[in-house]
Amino acid sequence: MVITSVTDGTPNPTGRNHCEDLIRATDACPAPTDRLPTDAAQHAPRTDPMRLTRYFLPVLKETPSEAQIVSHRLMLRAGMIKQASAGIYSWLPLGFKVLKNIENIVHEEQQKAGHIPLLMPTIQSADLWRESGRYEAYGEEMLRITDRHDREMLFGPTNEELITDIFRANVSSYKDLPLTLYHIQWKFRDEVRPRFGVMRGREFLMKDGYNFDLTREDALHSYNRHLVTYLRTYERMGLQAIPMRADSGPIGGDDTHEFLVLADTGESEVFYDSEITDLKFGDRAIDYDSHAECQGVLEEFTSRYARTDETHDEALFAEIPEERRRSARGIEVGQIFYFGTKYSDAMGATVSDSEGNRVPVHMGSHGIGVSRLVGAIIEASHDDKGIIWPEGVTPFHVGIVNLKQGDGEADAACESLYGQLNAMGLEPLYDDRNERAGGKFATMDLIGLPWRITVGPRGLKNGVVELTSRRTGVSEELTPDAALAKIAAIYGKAG
RNA sequence: CGGGGCGUAGCGCAGCCUGGUAGCGCAUCUGUUUUGGGAACAGAGGGUCGUAGGUUCGAAUCCUAUCGCCCCGACCA
C-alpha cells in the first residue's frame, strides 16, 4: 500500500443510467491529488489509482479487538471503514465504493418506478417536529442540537416532517398526484448502545421515500409498487430479502412489511414458510403503473407465512405443514409503510380534489438501510478467508494478480489485461506490489473480488493465465483473450 | 440507563499485583537474498503509557476524578 492519491469515487460503470449525474453531483468527491515527489518515473501513473501500489487499501492481518461479528471484523480488516467514535465510521475507499454501488442500485430501481430523487438536509428544525407531535415522542434517540441563536435543531432520524412540509408548500391539486419523492441521506439515531459496526451505527445512510396519493387505493398501489422495487433492488445486490409482516413502531400506520435477510447474526427472530425462499423476482418485466400487476407481486411474495417475533402468531404458524416451518435470525434491511393521513392531517398537507374539496393526502414511507446493507451483504456472503462480493456490488470487477512483479512478460501481460478491462468499461484492481504470491492471494481473498486473474511466467510459457472464482474457488486456465471474454460476458460487456 | 471489562507504537498484546532505564509480535523504512498460498537475514525509525490532580526522592504501576471504547441486559433499522 502506498498512500499517494485519493480515489474519486467514480460510479460503477455497470451502472450507467439516467441518475448518474445526480449521484456524481451530490458526492462532493475530492479530485485526485499528487503527494509524491517527481522522481517516480518507474512508478505507475499517479492518476491511475486502480493498482495496489497506488490505491489506498489499509488491510489488517490481525482483527481489531472491538469487532464482534464477522461483517464488522472483515470490514475493518479489508480496510473498508475506520471507526471515528461509537457507532460512527469513516468510509475508506474500498468501503466507499461498495456503499456507492449499493446507492446506485437503489437509485436506479427507484427511478425505474418513476420515483423522483431530491435531497433534504441532515439538520432539521425542532418546530417542524412539534407540528407532528414527534419532537416529544421520539425521545432520547433523537440527537438534539442548539445553534448559536439558541434555536432548537436536531439531526434528523427520518424525514416525514420535512417532506410533508415541502409537499404542502408546493402541491395543492389532485392533478399533481400521484407523487413519490425520495432521497438517500445520512441519518442519526442516538442509540444507547451502538454495535456490530455499520449494521447498527448511530450515523447511517438510508434511502427514504414518500408517496403522496389522492386515495387510499392509490396509496396502497404505491405501497405495492415499492414492494416490487425493493424485491428487485435486493436481488440485484445478490441478496434474498424476505418481506415479512411487521410492526409499525414510531412511524405509525396500518400496513407495513419489513425486508429481512436471513443470517445467523440477525437481530430479529423470524418465522416463515420454507416455500418463501424459493420465490425469485428474477428479470421479469413489470408495468409499475398497473395496479393489478403490482398487487399480484405483493400477493405472490406475502401470501405465505413470514413474520418477525413482533408479529408472530403461533396459531397461524401452526397451520403450515410442519416440515415447512422455519425459525431463523434475520437482518432488517428495509421497511415499507402505508400510514394514510397521519402526517397530512397533522401538518395540513391537503389537495383540492376534482370537486373542489380540500382533502388530506394519503401517504406512505419506505426505507432501505443503505449503509447497513454493506454489513448485511457480508454477513450473507463470506467464508473464513474473507468477503465474497456479489457481482452487483463488488468494489472492483476483477483482481489481477501478477505473480512475478518485474518479470518483463508477466508485467506486460498484466498491463495488457488491465488496459483492456478498463477499455471495456470495467474496473480491475491490479496487484502490482512486489509481494509474494501468498500475500497477494490472501489480500484478494480478504477483500472479496468475485473474480481473479492470476498471471505468472509459468502459465505465460503456455500462453495461459488463470481465472478463479472467489465463490467456488474453481480455477481455469485460459488464454488472456478468453479470460477477458469470460469476464466481459459475466458483466454483460462487449468483449 | 443497570452490570462488567479495557485504554501502553499503525494493529494485537505483555509489563501494573510487589513503584526504580517502556518491551514483544505484526506492520513500516533501508540493504541483500528470495518469489505459484501471508519469505529469510542484517539494520533503522516510531510511544509525554487516555487526560487531570494526588501520594512518593521517584508513578505505566498506588489513590481520586474525568473522558473514551468494548461486552451483557433493557432498547432499536
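Each chain gets a letter, A, B and so on, in the order the sequences are listed, and its residues count up from 1. Nothing here was measured: the structure is a model prediction, and the numbers come from that model.
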Pairwise P distance for B/rA9 and B/rC49, with rounding to whole Å: 10 Å
Going by atom types alone, do A/R471 and A/S381 pair a side-chain donor with an acceptor below 3.5 Å? yes
Could one point to a donor on the side chain of A/E435 or the base of B/rG38 with an acceptor on the other under 3.5 Å away? no
Looking at the base of B/rC76, is there any donor atom on it, or on the side chain of A/R200, that sits under 3.5 Å from an acceptor on the other one? yes
Base paired to B/rA27 (Watson-Crick or G-U; both N/O distances under 3.5 angstrom): none
Out of B/rC76, B/rG36, B/rG12, minimum distance to the side chain of A/E466 belongs to B/rG36
If pairing requires Watson-Crick or G-U wobble contacts with both distances under 3.5 Å, which nucleotide is the partner of B/rU61? none
Atom C1', compared across B/rC6 and B/rU51: separation rounded to whole Å: 16 Å
Does A/D383 pair with A/R470 as a salt bridge, N-O distance under 4.0 Å? yes
On a plain distance test, is the side chain of A/R452 in donor-acceptor contact with the base of B/rG37 below 3.5 Å? yes
Between B/rC75 and B/rC1, how many Å separate the two C1' atoms, rounded to a whole number? 10 Å
Pairing donors with acceptors under 3.5 angstrom, does anything connect the side chains of A/E109 and A/T229? no
Rounding to an integer number of Å, can you tell me how far A/D431 CG sits from B/rG38 C1'? 12 Å
Identify whether NZ of Lys or CZ of Arg in A/R144 sits under 6.0 Å from the centre of the six-membered ring of A/Y135 and within 45° of that ring's axis. yes
Which nucleotide wins on minimum distance to the side chain of A/S65, given the candidates B/rG37, B/rC13, B/rC76? B/rC13
Sort out the partner of B/rG68 for me: Watson-Crick or G-U wobble, both distances under 3.5 Å, none otherwise. B/rC6
If you define the side chain from C-beta out and look only at heavy atoms, does anything of A/I400 sit under 4.5 Å from A/R51? no
Touch check for A/M206, heavy atoms < 4.0 angstrom, all strands: base, sugar-phosphate only, or nothing? nothing
Verify the contact: side-chain N or O of A/T63 to OP1 or OP2 of B/rC11, cut-off strictly under 4.0 Å; return yes or no. no
Donor + acceptor pair across side chains of A/T277, A/Q240 (<3.5 Å): no
Please measure how far the C1' atom in B/rC26 lies from the corresponding atom in B/rG45, and state the result in whole Å. 16 Å
Going by distance alone, is a donor N or O of one side chain under 3.5 Å from an acceptor N or O of the other, for A/T180 and A/R225? yes
Is there a donor N/O on one and an acceptor N/O on the other, under 3.5 Å, for the side chain of A/R195 and the base of B/rG73? no
Answer yes or no: does a side-chain N or O of A/Q83 lie under 4.0 Å from OP1 or OP2 of B/rC70? yes
Taking B/rC17 as the reference, what is the distance to B/rC57 when you measure between their C1' atoms (whole Å, please)? 23 Å
Measuring only the P atom in each nucleotide, how far is B/rA59 from B/rG68? A whole number of Å is fine. 27 Å
Can you tell which of B/rU34, B/rG12, B/rC75 lies closest to the side chain of A/E62? B/rG12
Whole angstrom value for the distance that separates C1' of B/rG38 from CD1 of A/I447: 15 Å
d(CG, A/L60; C1', B/rC13) in whole Å: 15 Å
Using both distances under 3.5 Å as the test, list the Watson-Crick or G-U wobble partner of B/rU35, or none. none
Would you indicate what A/G456 reaches in the nucleic acid, counting non-hydrogen atoms under 4.0 angstrom: base, sugar-phosphate, or nothing? base
Look at all strands and tell whether A/E140 reaches a base, only sugar-phosphate, or nothing, counting heavy atoms closer than 4.0 Å. nothing
Tell me the interatomic distance from A/D407, atom CG, to B/rG36, atom C1', rounded to whole angstroms. 13 Å
Could you please name the option among B/rC11, B/rG37, B/rC76 that lies closest to any side-chain atom of A/E191? B/rC76
Which nucleotide, if any, forms a Watson-Crick or G-U wobble pair with B/rU55, using both distances under 3.5 Å? none
A/F204 vs A/T468, nearer the 5' end of RNA chain B by closest nucleotide: A/T468
Who does B/rC1 pair with, Watson-Crick or G-U, both distances under 3.5 Å? B/rG73
Between A/R436 and B/rA39, is there a contact of a side-chain N or O with OP1 or OP2 at under 4.0 Å? yes
Give a yes/no answer on whether the side chain of A/K61 brings an N or O atom under 4.0 Å of OP1 or OP2 in B/rG12. no
Rounded to whole angstrom units, what separation is found between the CG atom of A/L57 and the C1' atom of B/rG38? 15 Å
With a non-hydrogen cut-off below 4.0 angstrom, is A/G473 in contact with a base, only sugar-phosphate, or nothing? nothing
Of all the nucleotides listed (B/rC1, B/rC69, B/rG36), which has the minimum atom distance to the side chain of A/V192? B/rC1
For a ring pair (Phe, Tyr, Trp, His ring centres under 6.0 Å) check, start with the C-alpha distance between A/Y338 and A/Y223, then their side-chain angles and the critical distance, and finish with the verdict. CA-CA 6 Å; A/Y338 164 72; A/Y223 182 89; 7.3 Å; no
Nearest whole Å is fine: how far is B/rC11 P from A/L92 CG? 13 Å
Taking only the C1' atom of each, what is the distance from B/rA39 to B/rG20 in whole angstrom? 41 Å
Closest approach to the side chain of A/T443, judged atom by atom: which nucleotide of B/rG38, B/rG37, B/rC75 is it? B/rG38
Find the distance A/N434:CG to B/rU32:P and express it as a whole number of Å. 12 Å
Give A/G334 one of three labels, base, sugar-phosphate or nothing, depending on what nucleic acid heavy atoms sit under 4.0 Å from its own. nothing
Tell me which of A/R372 and A/Q68 sits closer to the 5' end of RNA chain B, going by the nucleotide each one is nearest to. A/Q68
Using a 4.0 Å heavy-atom cut-off across all strands, classify A/A442 as base, sugar-phosphate, or nothing. base
Give me the distance, rounded to whole Å, that separates B/rG12 from B/rU8 when you measure between the C1' atoms they each carry. 12 Å
Send over the distance from A/L76 CG to B/rA27 P, rounded to a whole Å. 19 Å
Does one side chain, of A/D208 or A/H183, offer a donor that lies under 3.5 Å from an acceptor on the other? yes
